[in-house]
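Data block below; observations after.
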Amino acid sequence: MDATPKAQVIANEKNLLSAMKTNNVELLDQLLHDELLFNGPSGETATKAMDLENYRSGNINLHTLESSDLMLNMVGDDIVVAVTVEILGNYLGQEIDGKFRYLRVWKLFENNWKVIAGSVVTLNTDN
C-alpha cells in the first residue's frame, strides 16, 4: 500500500459509509473486525455478527449518509476517528433523520485496516 495510514483509513471510512448505505454485507465483513464491539446511541452494545445480520435482513435501510467534521489521530499503531454523519433512513424499525457523532478505532491486520471498536451518539441540533 502506497498511501499513508491516515489516508488509508480515510478511504476506508468512505467505503464503510458506502457499504452501510448500500447494505453491502461483504464489504462490511471486510471492514469490521470479528471481535468488534460497538455502542449505540441508547447504550446497547452490538457485535459484528449482530450488525451484519441487521444489514443482511434489511432491518437497516439508510438512504442518506453524509459525513463532515472528520478528525483522526494515530495512537501507536491504531487510528481513532471522530466523524459527524447525517443519516436519513430506517434503523431497526425506527425512522431516523438526524446528525450523529461516531467514534471508531481502526487497527491494521495483515495490510487491512479494520474497525475494532466504536460508538455513536445523537447530536442535538436544536439551538
Hey, what do you get for [atom1] ([X]) to [atom2] ([Y]), rounding to the nearest 0.5 Å?
X: Leu108; Y: Glu110; atom1: CG; atom2: CD; answer: 9.5 Å
X: Gln94; Y: Asn90; atom1: CD; atom2: CG; answer: 8.5 Å
X: Glu86; Y: Leu65; atom1: CD; atom2: CG; answer: 10.0 Å
X: Arg104; Y: Trp113; atom1: CZ; atom2: CH2; answer: 14.5 Å
X: Asn12; Y: Leu27; atom1: CG; atom2: CG; answer: 8.0 Å

Hey, does [Y] have a side-chain heavy atom less than 4.5 Å from the side chain of [X]?
X: Leu28; Y: Leu16; answer: yes
X: Asp97; Y: Ile87; answer: no
X: Leu88; Y: Ile96; answer: no
X: Leu37; Y: Lys48; answer: no

Next item on the list: Can you sort out the partners of Arg56 under salt bridge (Lys or Arg N to Asp or Glu O under 4.0 Å), two or more places apart, ordered by chain and number?
Entry: Glu53
Note to self: Using the salt bridge (Lys or Arg N to Asp or Glu O under 4.0 Å) criterion, which residues pair with Lys14? Sequence neighbours excluded.
What the structure shows: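 Applying salt bridge (Lys or Arg N to Asp or Glu O under 4.0 Å) to Lys14 gives none.
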Looking only at heavy atoms, what is the nearest atom pair of [X] and [Y], with distance?
X: Asp29; Y: Lys114; result: O-NZ, 4.2 Å
X: Glu66; Y: Thr64; result: OE2-CG2, 3.7 Å
X: Glu95; Y: Gly89; result: OE1-O, 3.3 Å
X: Met50; Y: Thr45; result: CE-O, 3.9 Å
X: Asn23; Y: Gly58; result: ND2-CA, 4.3 Å
X: Gly118; Y: Leu36; result: N-CD1, 4.4 Å

Quick one: do [X] and [Y] end up in the same hydrophobic cluster if we chain Ile, Leu, Val, Met, Phe, Trp and Tyr together by side-chain heavy atoms under 4.5 Å apart?
X: Ile116; Y: Val83; value: no
X: Leu92; Y: Val121; value: no
X: Val115; Y: Val120; value: yes
X: Val9; Y: Leu103; value: no

Checklist line | Qualifying ring pair (Phe, Tyr, Trp, His ring centres under 6.0 Å) pairs, either residue in residues 83-106, two or more places apart | finding: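 Residue pairs passing ring pair (Phe, Tyr, Trp, His ring centres under 6.0 Å), neighbours aside: none found.
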Next item on the list: Can you run down the ring pair (Phe, Tyr, Trp, His ring centres under 6.0 Å) pairs that involve residues 36-84, sequence neighbours left out, and say none if there aren't any?
Entry: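 Output for this query is empty, none listed.
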Note to self: Are there over 12 heavy-atom neighbours, none belonging to Glu44, within less than 6.0 Å of that residue's CD?
What the structure shows: yes
Item checked: Partner residues of Ser68 under the side-chain contact (heavy atoms from CB on, under 4.5 Å) criterion, sequence neighbours left out -> Thr84
Sequence neighbours excluded and cut-off under 3.5 Å, please list the side-chain donor-acceptor pairs for residues 69-81, or say none.
from: Asp78; atom 1: OD1; to: Lys107; atom 2: NZ; distance (Å): 3.2

Margin query: Would you say Asn59 and Ser57 are linked by a side-chain donor-acceptor pair, where the criterion is simply a distance under 3.5 Å?
Written below: yes
